[in-house]
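Data block below; observations after.
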There are 2 protein chains.
Amino acid sequence: MNQATGAPGTSRPGGRTARVREAVLRAAGDALADKGIGGVDLAEVARLAGVGKTTVYRRWGTVPGLVADLLAEMAESSLPRARTGALETDLAALAGLILKTLTDERQGPLFKAVIAAAASDPQTAAALHRFYRVRIDEWAPCVAEAAARGDVPAGTDADEVVRALSAPLYYRFLVSGDPLDPDTAARAAAAAAAAARAGAYA
Amino acid sequence: MNQATGAPGTSRPGGRTARVREAVLRAAGDALADKGIGGVDLAEVARLAGVGKTTVYRRWGTVPGLVADLLAEMAESSLPRARTGALETDLAALAGLILKTLTDERQGPLFKAVIAAAASDPQTAAALHRFYRVRIDEWAPCVAEAAARGDVPAGTDADEVVRALSAPLYYRFLVSGDPLDPDTAARAAAAAAAAARAGAYA
DNA sequence: CTTCTAAAGGAACTTCAGTTCCGTTAATCT
DNA sequence: AGATTAACGGAACTGAAGTTCCTTTAGAAG
């Protein structure tokens with residue numbers, strides 16, 4: 001007597017269920033990347049994934065629900081931070097990583113679509129915030145180590161420095177439409193380091 | 001013989017046509033602010049505006065088309081910049097203005113929806129970029145004047161300083177979900193000023 | 001290997017956003 | 001003031017996204 005207590009996929013997560021999830025998330029990522037959030041319908045995703053549309057509607061229900069699951073998947077495959085030994089170079093490495101992600105053929109449009117989805121759906125927003133919480137936690141130690149070395153004032157808010165570095169890249173990407181190039185990334189890293197040294201985040 | 005050469009509303013823009021446009025844009029703003037981009041349909045907007053839905057479909061066609069027109073309208077009512085006489089205080093005034101806009105009951109959700117729409121629609125994106133081009137052009141002179149006074153290095157990129165100030169606020173608003181408060185705004189202004197003085201934008 | 005049932009799949013159905021058609025209203029020009 | 005026609009508006013129509021119902025497949029347990 002093993003009744004289904006939760007959502008579909010929780011009680012028998014192995015084998016076929018896992019293959020279906022993988023195929024659907026992959027197809028969803030493809031569709032999001034090339035049509036954006038408005039252009040995705042679940043029946044199309046099901047067709048691309050080679051899966052019955054009933055299955056997609058039953059397990060994910062709506063486009064934002066599917067996007068939230070996709071984000072949870074993406075959070076798992078987060079890269080480890082750089083350890084160059086100096087604040088400026090660590091931050092430059094992070095800026096380069098963000099630049100590479102946002103300008104990537106597939107990842108860029110995907111992030112754009114996901115952030116757009118989060119703007120109008122609380123479930124997606126929560127998943128997005130968790131995603132960036134993980135990223136910031138991964139990279140903040142760069143700043144903490146710099147503080148320990150005395151490169152930035154004691155009491156500097158490490159999270160804030162990471163955000164300050166990321167922000168200009170995302171701002172261009174989402175809001176102003178100004179170009180995103182290695183120069184921009186380098187300047188974002190340099191500016192964050194300079195402001196941190198000046199004690200703007202203490 | 002005055003045949004209609006352009007889109008509806010171009011050949012007889014006065015009177016009723018203008019009233020309809022005003023009512024529809026107002027209703028569209030309300031709907032966007034409280035349902036977000038995904039939750040708006042043109043028939044509902046028409047009903048709220050007290051206008052035939054055929055009219056809305058004929059003149060604006062799609063939700064992004066309507067949003068683009070709304071943005072063009074918003075760009076007209078841009079506020080003049082502050083002139084406090086010092087870089088830090090000018091930048092603090094701008095940060096305060098952005099904070100006020102993004103946390104406003106109506107304007108905040110509206111901006112969120114509009115930026116989300118721009119993520120998947122080129123027409124909306126173009127309108128959004130024009131909007132921020134206007135804002136940056138309005139405020140960049142603060143930095144140029146500071147450079148003339150010798151407060152920041154000669155050759156500092158004024159536009160870049162304004163973006164650097166705006167970015168952390170928008171990043172929190174759209175991406176990370178961290179709180180937006182006067183403290184954050186003050187820190188964004190201080191950091192932009194510090195980085196500019198250090199020559200990070202020269 | 002057999003049993004049990006969670007999860008997938010197919011097909012018909014429903015609902016509603018978006019379109020089309022055509023009659024009505026009112027802005028502009030003489 | 002009267003004529004012209006751009007633009008509005010109501011109502012019926014269309015098509016596809018999303019739902020429901022029932023059957024089939026295959027993962028987990030004994």
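Letters A, B, ... mirror the listed sequences (proteins, then strands); counts begin at 1. Predicted model only: the values in this text are computed from it and were never measured.
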Review point. Counting distance only, does the side-chain N/O of A:Arg172 pair as donor-acceptor with the main-chain N or O of A:Pro179 below 3.5 Å?
Key: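 At least one qualifying donor-acceptor pair exists.
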Practice item. Spell out, as yes or no, whether a donor-acceptor pair under 3.5 Å connects the side chain of B:Thr156 to the backbone of B:Ala158. Key: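 Judged by distance alone, no pair lies under 3.5 Å.
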Provide, to the nearest angstrom, the distance between the [atom1] atom belonging to [X] and the [atom2] atom belonging to [N].
| X | N | atom1 | atom2 | value |
| --- | --- | --- | --- | --- |
| B:Arg21 | D:dA6 | CZ | C1' | 17 Å |
| A:Arg47 | C:dG10 | CZ | C1' | 16 Å |
| B:Trp60 | C:dA17 | CH2 | P | 19 Å |
| B:Glu44 | C:dA17 | CD | P | 9 Å |

Point to revise | Residues A:Lys53, A:Glu44; criterion salt bridge (charged side-chain N to carboxylate O under 4.0 Å, His left out); working and verdict | key: CA-CA 8 Å; A:Lys53 79 170 179 170; A:Glu44 171 85 356; over 6 Å; no
Practice item. Run the ring-centre check on A:Tyr171 versus B:Phe173 and record whether the distance is less than 6.0 Å. Key: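 Ring centres of B:Phe173 and A:Tyr171 not closer than 6.0 Å.
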Point to revise | Under the side-chain contact (heavy atoms from CB on, under 4.5 Å) test, residues paired with A:Ala27 that sit two or more places apart | key: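 Partners of A:Ala27 by the side-chain contact (heavy atoms from CB on, under 4.5 Å) criterion, ordered by chain and then number, come out as A:Val45, A:Leu48, A:Ala49.
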Review point. What bend angle does the helix from C:dC1-D:dG30 to C:dT30-D:dA1 show across its length, from five-pair end axes and to the nearest 10 degrees?
Key: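 Roughly 50° between the end axes, to the nearest 10°.
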**Study point:** Over 12 non-hydrogen atoms of neighbours within 6.0 angstrom of CZ in B:Arg81
**Key:**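 Counting neighbours around CZ of B:Arg81, more than 12 heavy atoms of other residues, nucleotides or ligands fall under 6.0 Å, so yes.
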Point to revise | Flag if over 12 foreign heavy atoms under 6.0 Å of CZ, B:Arg133 | key: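 Yes, the 6.0 Å shell around CZ holds more than 12 heavy atoms from other groups.
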**Study point:** Approximate separation, where rounding is to 0.5 Å, of A:Leu180 CG and A:Thr101 OG1
**Key:**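 The OG1 atom of A:Thr101 is 11.0 Å from CG of A:Leu180, to the nearest 0.5 Å.
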Exercise for review: Output yes when at least one side-chain N/O atom of A:Arg19 is less than 4.0 Å from OP1 or OP2 of C:dA7, else no.
Suggested key: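 Looking at the OP1 and OP2 atoms of C:dA7, neither is under 4.0 Å from any side-chain N or O of A:Arg19.
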Practice item. Sugar-phosphate atoms are those with a prime plus P, OP1 and OP2; base atoms are the rest. Using that split, label each nucleotide of nucleotides 9-18 of chain D B, S or - for protein heavy atoms under 4.0 Å, 5' to 3'. Key: BBB-----SB
